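Structure first, commentary second.
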2 protein chains.
Amino acid sequence: MKLSTKGRYAVTAMMDLALHEQFGPVTLADISKCQGISLSYLEQLFAKLRKHDLVTGVRGPGGGYRLAQPPEKITVADIVTAVDENVDATRCKGKGNCQNGARCLTHELWCDLSNQIYNFLNSITLAQLAARPGVREVAERQDRLHSRNVSKASAA
Amino acid sequence: MKLSTKGRYAVTAMMDLALHEQFGPVTLADISKCQGISLSYLEQLFAKLRKHDLVTGVRGPGGGYRLAQPPEKITVADIVTAVDENVDATRCKGKGNCQNGARCLTHELWCDLSNQIYNFLNSITLAQLAARPGVREVAERQDRLHSRNVSKASAA
DNA sequence: GGTAATCCCTAGTATTGCGGTGGGGAATAA
DNA sequence: TTATTCCCCACCGCAATACTAGGGATTACC
């Protein structure tokens, strides 16, 4: 059982967005630099996030991405499911036809687990995440390292 | 995010074991037939389960596998971690060196999620699982279909 | 209007791990 | 002795992941 880095990257990128949006749209180039994610890969992830109405792109110089909804409305589950097709632990996609058209021995278990995971991720919003002391600390270190933040507002 | 079928198969097989152990050791051939899992693949899974002291093999005719511990002592987490190396949602294996030796923005989140999943799976024992009405029902259907159960006791 | 910055799209590609196969043993009950 | 079982190891095809490459559209700024 493992979380793909796809989901991790997407949440990380969305966090970056939430933390810097106040200074205008955030470019993927910035996120790529600060979070250490390949630019082209980011673009692919953001294509999915856009399709799911989680972000909106702003073209042209000074452009970038914005959250399409207030961070209080976006949950981690929203992000993960947007990029990571299946958050499901069952094989049968919840249909119950796991074994020759009937439920397998452990069908219920995996349904429960899937729900458990989903509920957990769905109970955490971007806003809550961004407000964590540990997160703010890491974000400030990153900003210092790449001289972002205030300088970005004047640059744009 | 997805659970590999490896973990699913292992839990299913262990359930089969728990449900039929009363009639003597259970052969992998039986499990393979009833649960629809390739025999050779099962052997690989059971090699890991054996290494983790969850089952013991009995060689020779009439042999098979037994639970190495009472089903009340074996949790789903035990099984999944035995076959599925990483139940960890973080990239850094909990070390916190995800980004250039420092914690990444979402490190805490994935740690929390990993714990959440682990605690859930660890709170469920094989015995509890086997006692579920839904499970008993499916098991009985399977037994009828493959004429196992009582006939097995006399066959062995 | 031109230019540069940005998003946007599509097509690749290397690697990895999963799920599965095959074959050849060693132990042991009958 | 033989059949049955566990046990071990090496391989293989496939799909998905993580990533690269390149070529557009759109738009702010001069």
Side-chain angles (χ1 to χ4, degrees), chain A residues 1-10 12-13 17 24-33 35-52 54-68 80 83-89 91 98 152 154-156, chain B residues 1-10 12-13 17 24-33 35-52 54-68 80 83-89 91 98 152 154-156:
Chain A
M1 171 167 31
K2 63 183 172 197
L3 190 66
S4 65
T5 73
K6 219 195 273 186
R8 256 198 304 272
Y9 280 177
T12 303
L17 220 62
V26 181
T27 69
L28 291 189
D30 269 358
I31 299 179
S32 170
K33 240 187 309 171
Q35 305 303 335
I37 308 173
S38 132
L39 176 58
S40 213
Y41 198 43
L42 267 180
E43 286 182 338
Q44 291 167 50
L45 295 180
F46 271 75
K48 297 190 177 184
L49 295 174
R50 201 166 3 97
K51 268 182 206 138
H52 285 80
L54 295 175
V55 298
T56 54
V58 181
R59 291 184 170 193
Y65 277 98
R66 284 182 181 285
L67 295 179
V80 170
V83 297
D84 218 59
E85 287 78 34
N86 50 349
V87 202
D88 196 2
R91 169 186 237 174
C98 349
K152 170 110 182 38
S154 56
Chain B
M1 171 167 30
K2 64 183 170 196
L3 190 65
S4 65
T5 74
K6 218 194 276 187
R8 256 197 304 271
Y9 279 178
T12 304
L17 220 61
V26 180
T27 69
L28 293 189
D30 270 357
I31 300 179
S32 170
K33 240 188 308 173
Q35 305 303 335
I37 309 174
S38 130
L39 176 59
S40 216
Y41 198 42
L42 267 179
E43 287 182 336
Q44 289 167 52
L45 295 180
F46 271 75
K48 296 189 179 182
L49 295 174
R50 202 167 1 97
K51 268 182 207 140
H52 285 79
L54 295 175
V55 298
T56 54
V58 181
R59 292 186 172 191
Y65 277 98
R66 284 182 180 286
L67 296 179
V80 170
V83 298
D84 218 60
E85 287 77 37
N86 49 349
V87 201
D88 197 1
R91 170 186 236 174
C98 350
K152 173 114 181 37
S154 56

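A, B, ... follow the sequence lines: proteins, then strands. Residue 1 opens every chain. Note that the structure is predicted; figures quoted are calculated from it, not measured. As a basis for the values below, the full set of heavy atoms in this structure was taken, side chains included, without hydrogen atoms, waters or symmetry mates.
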Between [X] ([atom1]) and [N] ([atom2]), how many Å, whole number?
{"X": "B/Tyr41", "N": "D/dC8", "atom1": "OH", "atom2": "C1'", "answer": "17 Å"}
{"X": "A/Phe46", "N": "C/dT6", "atom1": "CZ", "atom2": "C1'", "answer": "14 Å"}
{"X": "B/Leu28", "N": "D/dT4", "atom1": "CG", "atom2": "P", "answer": "16 Å"}
{"X": "B/Asp30", "N": "D/dT4", "atom1": "CG", "atom2": "P", "answer": "13 Å"}
{"X": "A/Lys48", "N": "C/dC7", "atom1": "NZ", "atom2": "C1'", "answer": "18 Å"}
{"X": "B/Leu42", "N": "D/dT5", "atom1": "CG", "atom2": "P", "answer": "15 Å"}
{"X": "A/Leu39", "N": "D/dA18", "atom1": "CG", "atom2": "C1'", "answer": "14 Å"}
{"X": "B/Lys33", "N": "D/dT4", "atom1": "NZ", "atom2": "P", "answer": "12 Å"}

Polar pairs (N or O, both sides) under 3.5 Å between protein and nucleotides 24-27 of chain C?
residue	atom	partner	partner atom	Å
C/dA27	O4'	B/Arg59	NH1	2.7

**Asked** Is the backbone N or O of A/Ser38 less than 3.5 Å from a side-chain atom of A/Ser32, with the two atoms forming a donor-acceptor pair by type?
**Response** no

**Side-chain donor/acceptor of B/Ser40 to base of C/dG22, under 3.5 Å** = yes

Suppose we screen for side chain to side chain contact (heavy atoms under 4.5 Å, CB included). Which residues come up paired with [X], at least two apart in sequence or across chains?
{"X": "B/Leu45", "value": "B/Lys6, B/Tyr9, B/Val83"}
{"X": "B/Arg59", "value": "none"}
{"X": "B/Glu43", "value": "B/Leu28, B/Ser40"}

**Prompt:** In Å and rounded to the nearest 0.5 Å, what is the OH to CG distance from A/Tyr65 to A/Leu42?
**Reply:** 9.5 Å

**Complete:** Between the OG1 atom in B/Thr27 and the CG atom in B/Leu17, the distance rounded to the nearest 0.5 Å is 10.0 Å

**Request:** Heavy atoms only: give me the nearest B/Arg66-B/Gly24 pair and the separation to one decimal.
**Result:**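 It is NH2-CA, 3.9 Å.
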
Side chain of [X] only, heavy atoms from C-beta on: which candidate in [options] is closest?
{"X": "B/Gln44", "options": "D/dA10, D/dC19, C/dG19", "answer": "D/dA10"}
{"X": "A/Arg50", "options": "C/dC8, C/dG22, D/dA18", "answer": "C/dC8"}
{"X": "A/Tyr65", "options": "D/dC6, D/dT20, C/dC7", "answer": "C/dC7"}

**Request:** Look at B/Thr27 and D/dT4 and indicate whether a side-chain polar atom (N or O) is within less than 4.0 Å of OP1 or OP2.
**Result:**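 Looking at the OP1 and OP2 atoms of D/dT4, neither is under 4.0 Å from any side-chain N or O of B/Thr27.
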
